[in-house]
Undergrad: 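One structure coming up, written as C-alpha cells, with questions to follow.
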Protein chains: 2
Amino acid sequence: MKNKILKELIKIVDKKNVSADKIDLLHYAYDATQNMYLPDFVVFPENTEQISHILKLCTEYKVPIVPRGAGTGFSGGSLPISGGICLSLEKMNKILEIDTENLVAHVEAGVINYDLREETEKFGLLYPPDPSSYKYCTIGGNVAENAGGPRAVKYGVTKNYILGMELVFPTGEIVISGSKNMKDVAGYNLKDLMIGSEGTLAIITKLFLKLIPLPPYRSVLQATFSDMKEAAQTVSNIIADKVTPSALEFIDGPCIRAIEDYLHIGLPKEAQAMLIIECDGMKESVEAELSLIEKVCAKNNAQHVKRAKDKKEEEVLWKARRSISPSLNRIRDGKLNEDVVVPRASLPQMIASIQEISKKYNLPIVNFGHAGDGNIHTNIMFNKGSDEEKRAKDVMKEIFETVIEMGGSISGEHGIGITKQDFLEKQLGKETIDIFKRIKKALDPYNILNPHKMKLC
Amino acid sequence: MKNKILKELIKIVDKKNVSADKIDLLHYAYDATQNMYLPDFVVFPENTEQISHILKLCTEYKVPIVPRGAGTGFSGGSLPISGGICLSLEKMNKILEIDTENLVAHVEAGVINYDLREETEKFGLLYPPDPSSYKYCTIGGNVAENAGGPRAVKYGVTKNYILGMELVFPTGEIVISGSKNMKDVAGYNLKDLMIGSEGTLAIITKLFLKLIPLPPYRSVLQATFSDMKEAAQTVSNIIADKVTPSALEFIDGPCIRAIEDYLHIGLPKEAQAMLIIECDGMKESVEAELSLIEKVCAKNNAQHVKRAKDKKEEEVLWKARRSISPSLNRIRDGKLNEDVVVPRASLPQMIASIQEISKKYNLPIVNFGHAGDGNIHTNIMFNKGSDEEKRAKDVMKEIFETVIEMGGSISGEHGIGITKQDFLEKQLGKETIDIFKRIKKALDPYNILNPHKMKLC
C-alpha cells in the first residue's frame with residue numbers, strides 16, 4: 001500500500017518532490033513543541049493543482065495528510081501524529097505581486113514572513129503581523145494559527161490583513177475566497193473560517209494580503225517597577241486613557257534577571273517588572289503619546305522610565321525581549337509555555353493569580369508577553385525527569401481553569417493543536433465542539449486532513 | 001397545522017409576543033428592496049432561550065423562519081419569501097454594558113446603530129461602522145450583512161469590530177463564539193463565518209463589540225471636477241499616496257444636479273463629479289493630510305476645492321450625501337441600486353465602463369458611494385412599467401459581468417439575498433457554491449433558517 005501511494009505521489013509531483021527516506025522524514029517530524037512524529041512521506045508540491053491531486057488521492061485511499069509551513073508552531077499543528085503525508089509548502093514561496101496602487105500583496109502560502117517584510121518595506125509599505133519567529137515562519141502557517149506578535153496591540157493579528165485566499169479542500173476542490181477588493185460580501189466568509197483552523201479544514205495555497213503605509217516615525221521607552229501589580233495596572237491605565245502604542249510588552253522580575261544574566265546589558269536585576277512600550281505614526285503624535293505614557297508610569301510608581309535615544313538603544317531593548325526564550329534555560333531545563341489571554345483590564349488580577357499558583361505548587365513561573373492585548377506567555381519551569389515535571393502539568397491545568405473562570409481564553413495566538421486539546425471543551429462547552437465537528441465532517445468527510453487535532457474526533 | 005404552531009409559539013414567548021394578524025404581518029413583509037412577502041407569524045422573543053425553543057420547534061415541524069432587524073436591507077435578506085415565521089429582534093434591544101476599561105460594548109442584537117453611537121460617545125468612544133441607515137438599522141442586521149459605510153475606508157467594516165457573539169443554531173444549540181478578549185484562537189472562528197451569512201446559518205442574539213477612542217478632531221473638504229475620470233484618478237492617487245481619509249465619498253454629475261434641485265444648497269450644477277473627503281485624528285496630522293489631498297486634487301485639475309470652515313458647513317456636505325436617494329426620484333420613478341466593488345485602483349476604469357453601458361442601453365445611470373474602498377452605488381434609473389424596466393435588468397447584468405471580469409465583486413456591503421443570487425455562481429464558481437451548500441446543510445439540516453436565499457438550494 002505504501003508503495004502504491006508513493007508511486008501515485010511521484011506521478012503527481014515528480015520524483016524530485018517526494019521522499020520516504022527516513023533521514024528526510026526526520027526533518028519534518030518535529031515543531032517548536034519538541035514533540036516528534038514521523039510521517040510516512042514528505043511531498044513538496046510546486047503548485048495548487050498538484051495539491052488538489054494529492055488531496056484527492058488522500059481522500060480516495062484514506063491517507064492522513066498534514067500541511068506544514070516552517071514547523072515553528074507551539075501547539076503541534078504541523079505534527080504528523082497519525083503518520084501519512086507531510087505536505088511541505090516550502091517550494092510555494094513566491095511573492096507574486098506587490099500591488100502598490102491597491103496596497104495589496106499576492107503571495108504563495110510558503111513565503112517567509114521576514115521575506116515579505118523586506119520586500120514590502122522597499123515600497124514604503126508594511127505587513128504588520130510580526131510573530132517572534134518572523135525570520136523563519138511562513139505566511140500560510142501564520143494564517144492557519146492566526147498568529148499575533150507585539151504589533152497586534154495596535155495593528156491587530158494576521159486575520160486583519162487577509163483579503164483573500166486560494167484554498168484546496170480535502171475532496172480536491174480549488175476555491176478562491178475573497179480578492180483584492182477592500183469589501184466583499186458575496187457569499188459565505190470561508191476565508192475567515194479558515195484563519196485559525198490549524199490546517200484541519202483546507203490547505204491554504206495563495207493569499208491576498210492587505211498592506212499599510214510604513215509609519216514615518218517610531219520611538220520606544222522602557223519602564224521598570226518594584227511591584228508587578230503596578231506594572232500591570234500601568235498597562236490597564238494606558239488602554240483606558242485611549243492611547244494605542246504599537247507595542248506594549250510586559251516582562252516580569254525572574255525574566256528580567258534571566259535576560260540580564262544571559263546578555264549583560266544593564267537591566268535592573270532588582271526590578272519586579274519591566275514594560276517595553278513603542279509608539280509609531282507622525283512624529284508629533286508619537287511624542288505626545290509617549291509623554292502621556294510617561295505620566296501614567298510615574299503615577300503607578302515606576303522606578304525608572306527611559307526613552308531609547310537612538311536606533312541602537314531601541315535595538316538593545318528589542319533584543320532583550322527576543323532573548324527571553326534562550327535565557328530561561330538558566331532557571332530550569334524544562335518549561336511549559338502557554339499563551340493565555342484575558343480581557344485587558346483583568347491583567348493585574350491574572351498576574352496575581354499566577355503568582356499564587358506558583359507559590360502553591362512551589363514551582364517558578366515566568367511571565368512575559370503582549371500585555372496590551374491581555375495576552376501573556378506564562379512559562380512553568382521544571383527540571384526534566386524530576387517530580388517537578390508532573391507538578392508543572394497540574395499548574396498548567398490550574399492556570400487554564402483560572403483563565404477560563406475570568407472569561408479569558410487558553411490561547412491568544414499559538415492555537416490548540418495537540419497540546420491544549422484536552423482543555424478546549426472546558427472553555428467552549430460541548431455544544432460548540434459539536435458544531436465544530438459538523439463543519440469538519442462537512443468539509444473533510446473522511447477525516448484525512450490533519451486528523452486528531454483540536455479533539456475533533 | 002398553523003394553529004398548532006401558533007399555540008406552541010404562544011407557549012414559548014407568551015401571547016403578547018406573537019401575532020398572526022394580517023395588519024401586523026404587513027409591517028414585517030417588506031424591506032428596502034420594496035418587495036413584499038407575508039410571513040404567517042411574527043414573533044418578538046425577549047431572550048436567547050426563547051429563540052432556541054422557537055428554532056427547535058421550526059426544525060421539528062419544518063417551518064421556515066427568517067430573522068429580522070429593522071428591514072433596511074437592500075438585497076432581501078430579511079424577506080420571508082417562503083412564509084413561515086418572521087423573528088423580529090426588536091425587543092432584544094438592550095445595551096448591556098459599555099466596558100470603558102476594555103473598550104468593549106456588550107449589546108443585544110436588536111440595538112439600533114444610532115443608539116449605540118449616542119451611548120458610546122458619552123464615554124469618548126466610537127463604534128465606527130456607519131451604514132447610511134444608521135438611524136434605524138440594528139447591529140444584528142449590520143453583522144448579518146457585514147455592513148459598511150463612509151468610515152469603512154479608514155476604520156473597516158462591521159467585521160472588524162466583532163469580538164464575540166452569542167448564536168442560536170437552527171437545531172437549537174446556544175453557542176458563544178469569541179469574547180471580550182482582544183485575541184482568541186481557541187477553536188474554529190465561527191463568529192466570522194456568521195458575519196455576512198445573511199441570517200442563513202444561525203441567529204445572532206448578542207454581541208461583544210470593539211470600541212475605539214473617539215478621534216479628537218476632524219475636517220472635511222469638497223472638491224468638484226469637470227471630468228469624472230479625473231475625480232476617480234484623484235481617489236486612486238490619494239490611496240497610492242498612503243493617506244487614509246476617514247471618508248472618501250464620490251458623487252457623479254447627474255447625482256450633483258439631482259441633489260441641488262432637491263436641496264438648493266449651491267452645489268455647482270455644471271460639475272461632472274464631486275468628492276467629499278474627511279480626515280480625522282490629531283489636529284496636526286489631519287491638517288497635514290488635507291493639505292496633501294488638496295495638492296492631489298489640484299494635480300488632477302479639480303475645478304474647485306473647499307474646506308468646510310465650521311460644523312455647519314460640514315453638516316451641509318454630509319446632508320447632501322445622505323439626500324441622494326430621495327433626490328434621485330426626480331430623474332426616474334424606478335431604480336435598481338447595486339453596490340458593486342472593484343480593487344481601488346480600478347475605479348476610473350469601472351466608472352468609464354458604466355458610462356459606456358449607460359450610453360449603449362440609453363438609460364441614465366447615477367453613481368455615488370465609497371470610492372476610497374472601490375465600492376460604488378450604481379443606480380440604474382427607469383420609468384416603472386415602461387420598456388426601460390426590462391432594459392434596466394439587462395444593464396444590471398452587463399454591469400455585474402464587467403465587475404466580475406475586473407476582479408471585483410457584485411456586492412461590497414449590501415449582500416446577495418434574493419436580488420443578486422442569480423449572479424453569485426458566476427462570480428464564485430460552482431465548486432465554491434457547493435462548499436457553501438455543505439456548510440449550510442451541516443448547520444441547518446432541514447433548511448428552515450432563511451431558506452431559498454443566496455441560491456443555496
Side-chain angles (χ1 to χ4, degrees), chain A residues 100-103 124 145-146 148 152 157 169 173-175 179-190 192-193 195-197 213 236 239-240 242 282 284-285 341-345 373-375 407-413 415-416 424 427-428 431-432 434-436 438-439 441-443 454, chain B residues 100-103 124 145-146 148 152 157 169 173-175 179-190 192-193 195-197 213 236 239-240 242 282 284-285 341-345 373-375 407-413 415-416 424 427-428 431-432 434-436 438-439 441-443 454:
Chain A
T100 55
E101 276 192 297
N102 287 302
L103 310 193
E145 303 292 333
N146 196 12
V157 293
F169 285 89
E173 295 86 353
I174 300 172
V175 162
S179 59
K180 275 190 187 179
N181 300 298
M182 286 299 124
K183 292 158 131 183
D184 189 345
V185 293
Y188 290 152
N189 182 7
L190 286 181
D192 281 273
L193 175 64
I195 299 168
S197 67
S236 294
I239 300 295
K242 307 186 182 88
M282 306 282 269
E284 298 78 4
S285 44
V341 58
V342 289
R344 299 186 284 200
D373 293 317
N375 182 202
S409 175
I410 60 175
S411 182
E413 55 185 23
I416 300 302
L424 190 62
Q427 179 177 328
L428 300 178
E431 294 205 327
T432 306
D434 285 346
I435 296 286
F436 290 172
R438 280 153 71 174
I439 291 174
K441 178 103 184 154
L443 299 181
M454 297 167 73
Chain B
T100 55
E101 276 192 297
N102 287 300
L103 311 194
E145 303 292 334
N146 195 12
V157 293
F169 283 89
E173 295 87 352
I174 298 172
V175 163
S179 59
K180 275 190 187 178
N181 300 298
M182 285 300 123
K183 291 159 132 183
D184 190 345
V185 293
Y188 289 152
N189 183 7
L190 286 182
D192 281 273
L193 175 63
I195 298 169
S197 67
S236 294
I239 301 294
K242 307 186 181 84
M282 306 280 270
E284 298 78 5
S285 44
V341 59
V342 289
R344 298 186 285 200
D373 292 317
N375 182 203
S409 174
I410 59 174
S411 182
E413 55 184 24
I416 301 301
L424 191 62
Q427 179 178 329
L428 299 178
E431 293 205 326
T432 307
D434 285 346
I435 296 287
F436 290 173
R438 281 153 69 174
I439 292 174
K441 179 100 184 159
L443 299 181
M454 296 167 73

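Chain letters run A, B, ... following the sequence lines, proteins first, then strands; residues in each count from 1.
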Undergrad: With chain A, which of Asn189(B), Asn146(B), Asn102(B) has the greatest number of heavy-atom pairs at distances under 4.5 Å?
TA: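 Among the listed options, the one with the most contacts to chain A is Asn102(B).
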Undergrad: Tell me which of these, Lys180(B), Glu145(B), Glu101(B), Lys441(B), has more heavy-atom pairs under 4.5 Å with chain A than the rest.
TA: Glu101(B)
Undergrad: Tell me, for Gln427(B) versus chain A, whether the close heavy atoms (under 4.5 Å) come from the side chain, the backbone, both or neither.
TA: side chain
Undergrad: Chain A heavy atoms under 4.5 Å from Val341(B): which part of the residue, side chain, backbone, both or neither?
TA: both
Undergrad: For the interface with chain B, which of Ile410(A), Asp373(A), Asp434(A) has the highest count of heavy-atom pairs at distances below 4.5 Å?
TA: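 Greatest number of close heavy-atom pairs with chain B: Asp373(A).
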Undergrad: Can you tell me which of Ser411(B), Gly196(B), Gly415(B) forms the most heavy-atom pairs within a distance under 4.5 Å of chain A?
TA: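 Top count of heavy-atom pairs under 4.5 Å with chain A: Ser411(B).
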Undergrad: Only pairs of heavy atoms separated by less than 4.5 Å count here; which of Met282(A), Glu413(A), Glu284(A) has the most with chain B?
TA: Glu413(A)
Undergrad: Please name the pair of heavy atoms, one in Gly187(B) and one in Met454(A), separated by the smallest distance, quoted to 0.1 Å.
TA: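 Closest approach of Gly187(B) to Met454(A), heavy atoms only: CA-CE, 3.7 Å.
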Undergrad: Sort out for me which of Ile174(A), Val175(A), Leu103(A), Asn181(A) touches chain B most, counting heavy-atom pairs under 4.5 Å.
TA: Asn181(A)
Undergrad: For residues Ala442(B) and Ala442(A), report the shortest heavy-atom separation together with the two atoms involved.
TA: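 That closest heavy-atom pairing would be CB-CB, 3.7 Å.
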Undergrad: Just give me the residue among Ala186(B), Gly374(B), Gly124(B) that pairs up with chain A most often, heavy atom to heavy atom, under 4.5 Å.
TA: Ala186(B)
Undergrad: Select one option (side chain, backbone, both, neither) describing which atoms of Leu428(B) are under 4.5 Å from chain A's heavy atoms.
TA: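 Leu428(B) touches chain A through side-chain heavy atoms alone.
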Undergrad: List the steps and the verdict of side chain to side chain contact (heavy atoms under 4.5 Å, CB included) for Phe436(A) and Leu190(B).
TA: CA-CA 8 Å; Phe436(A) 290 172; Leu190(B) 286 182; 3.7 Å; yes
Undergrad: Decide side chain to side chain contact (heavy atoms under 4.5 Å, CB included) for Leu193(B) and Ile439(A); before the verdict, give the C-alpha distance in whole Å, the side-chain angles of both, and the deciding distance to 0.1 Å.
TA: CA-CA 11 Å; Leu193(B) 175 63; Ile439(A) 291 174; 4.2 Å; yes
Undergrad: For Phe169(B), which atoms come within 4.5 Å of any heavy atom of chain A: side chain, backbone, both, or neither?
TA: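 The answer is the side chain of Phe169(B).
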Undergrad: With chain A as the partner, which of Ala152(B), Gly408(B), Gly148(B) has the greatest number of non-hydrogen pairs under 4.5 Å?
TA: Gly408(B)
Undergrad: If you compare all heavy atoms of Ser409(B) against all heavy atoms of Asp184(A), which two are closest, and at what distance to 0.1 Å?
TA: OG-OD1, 2.6 Å
Undergrad: Which bit of Leu424(B) is near chain A, if near means a heavy-atom gap under 4.5 Å: side chain, backbone, both or neither?
TA: side chain
Undergrad: Relative to chain A, which of Ile435(B), Ile416(B), Asn375(B), Val342(B) shows the most heavy atom pairs under 4.5 Å?
TA: Ile435(B)
